[in-house]
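Written out below as structure tokens is the structure these notes cover.
Every chain is numbered from 1, with letters handed out A, B, ... down the list of sequences. The figures that follow rest on heavy atoms only: side chains count, while hydrogens, waters and symmetry mates do not.
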Number of protein chains: 2
Amino acid sequence: MARKRFDDSSCSVARALNEVGDWWSLLVVLHAMYGTRRFVDFQQELGIARNILCDRLARLVDNEVLKKVEVGEHGSRFEYRLTDKGRDLFPIVIALRQWGDKWNPAPDQAPLDLRDRETGRTIPRVEVQDADGNPLTVRDVFVPNGDDASRVSVGKKKTG
Amino acid sequence: MARKRFDDSSCSVARALNEVGDWWSLLVVLHAMYGTRRFVDFQQELGIARNILCDRLARLVDNEVLKKVEVGEHGSRFEYRLTDKGRDLFPIVIALRQWGDKWNPAPDQAPLDLRDRETGRTIPRVEVQDADGNPLTVRDVFVPNGDDASRVSVGKKKTG
DNA sequence: CGAATAGGGTTGCATTTTAAAACCAGATTT
DNA sequence: AAATCTGGTTTTAAAATGCAACCCTATTCG
């Protein structure tokens, strides 16, 4: 059967994954952040099948993560550019990259280091912080009215 | 054909997505963070098919995001618990939640607010920061030696 | 004690997705 | 005018997904 969809889930993680939670979408967004804009470039850099790329780009455009703009005069050339919504995925992509570098380092390759354009210093880890900027773990947080945290549910779950 | 895998990709985002980049894995991790540990509980909270849940739990255990521990005396009851690697997905999950709440707010529901257990204050947004704690956007960063940022590639791409 | 039920799966089947490669059509280049 | 670039669509076969049914081991109930 088809993949289950969570468009109307009460869980915002589920709704987010609905838009960028498949195998390719975040990689497309990542490459868009590195400056890729053209169909053929995405295709070659990612090694993705063209039909799948079509589908993903269309879906990302539908969800307003990318916008498709005509370039060139006679309109048969396009660019896919990040929207604000798409650019707002930056922390997620970077956190994923850092997680991958930490826990699955490439055997023969230094982890990519991103740097601050202004100072040239390496970007520190993305973390969940309290209001003062101190790092928090999952144990340091709670959901107010949270005696039933698992009510933050996802699927059909008819009843609580 | 089969889904493409990125186990040995030079891109750490691709390697990360290889482990938690499908429709269900991050939701399983999310619920684990909220305290769910048992097969049946995951199944009911997520509304996921049992065989798929089996597969995902096994894969997450293989990848050391979860560990499977026997509970009860006679060993036919198990719990799936987060490892350090799994807990380290916290910023990603939270960033996804915040993104979903910001750009796809649930029609009839306030966004979940997470709070600092110590102070009771709401958790601020997860962001990419410079060394001083100032927020950075994708435009504020660069990859040193980065005249070919797209070399941060993913697929087969035989040559740079 | 025997039956029912809970926990944690596995199996079989129909439906979708995916990957890969072939094909297409409008611009642009040669 | 022919070749090429760009951005797709179509076709086909292999996997992945969802659902329901079945299994086996405890534990609980009568």
**Asked** To the nearest angstrom, how far is B:Arg38 atom CZ from C:dA6 atom P?
**Response** 13 Å
**Message:** With a 3.5 Å distance limit and no angle check, can you tell me whether B:Arg15 reaches the backbone of A:Asn104 through a side-chain donor-acceptor pair?
**Reply:** yes
**Fill in**
Which of A:Lys85, A:Arg81, A:Arg87 passes side chain to side chain contact (heavy atoms under 4.5 Å, CB included) with A:Thr83? Answer is A:Lys85
**Message:** Rounded to whole Å, please give me the gap between CD1 in B:Ile52 and C1' in C:dT11.
**Reply:** 13 Å
**Asked** Does the side chain of A:Trp24 get closer than 4.0 angstrom to OP1 or OP2 of C:dA19 through an N or O atom?
**Response** yes
**Rounded distance in Å - CG (A:Leu46) to P (D:dG7)** = 15 Å
**Asked** Base, sugar-phosphate, or nothing: which does A:Arg3 touch, judged by heavy atoms less than 4.0 Å apart?
**Response** sugar-phosphate
**Message:** By the 4.0 Å heavy-atom rule, please label B:Asp22 as base, sugar-phosphate, or nothing.
**Reply:** nothing
**Message:** Can you identify which nucleotide, out of D:dG8, D:dT17, C:dG9, has its nearest atom closest to the B:Phe78 side chain?
**Reply:** C:dG9
**Asked** Expressed in angstrom and rounded to an integer, what is the separation of B:Glu79 atom CD from C:dG9 atom P?
**Response** 12 Å
**Prompt:** Does A:Arg50 have a side-chain nitrogen or oxygen under 4.0 Å from the phosphate oxygens OP1 or OP2 of C:dA22?
**Reply:** no
**Message:** So if I take every side-chain heavy atom of B:Phe39 and compare against D:dT17, C:dG8, D:dA16, which nucleotide ends up nearest?
**Reply:** C:dG8
**Message:** Could you tell me how far apart B:Leu53 (CG) and C:dT10 (P) are, to the nearest whole angstrom?
**Reply:** 11 Å
**Request:** Show your reasoning for whether ring-ring contact (aromatic ring centres under 6.0 Å, His included) applies to A:Phe90 and B:Trp99.
**Result:** CA-CA 10 Å; A:Phe90 188 50; B:Trp99 187 83; over 10 Å; no
**Fill in**
Which of B:Leu26, B:Leu89, B:Asp88 passes side chain to side chain contact (heavy atoms under 4.5 Å, CB included) with B:Val65? Answer is B:Leu89
**Prompt:** What integer distance in Å separates A:Arg56:CZ from C:dA19:C1'?
**Reply:** 12 Å
**Prompt:** Which nucleotide in the set C:dG9, D:dG7, C:dA19 lies at the smallest distance from any side-chain heavy atom of A:Ala49?
**Reply:** C:dA19
**Request:** For the side chain of B:Arg77, starting at C-beta, report the closest nucleotide among C:dA6, C:dA19, D:dC19.
**Result:** C:dA6
**Prompt:** Is the shortest side-chain N/O distance from B:Tyr80 to OP1 or OP2 of C:dG9 below 4.0 Å?
**Reply:** yes
**Prompt:** Do side-chain atoms of B:Glu19 reach the backbone of B:Ser25 as a donor and acceptor pair under 3.5 angstrom?
**Reply:** no
**Message:** Applying a 4.0 Å non-hydrogen cut-off, can you work out what B:Asn51 is touching in the nucleic acid: base, sugar-phosphate, or nothing?
**Reply:** base
**Asked** Whole Å only: how far is the CZ atom of A:Arg5 from the P atom of D:dG18?
**Response** 10 Å
**Prompt:** Hey, is the side chain of A:Lys4 poking within less than 4.0 Å of OP1 or OP2 on D:dC19, counting only N and O atoms?
**Reply:** yes
**Distance in angstrom units between A:Gln43 CD and D:dG8 P, rounded** = 12 Å
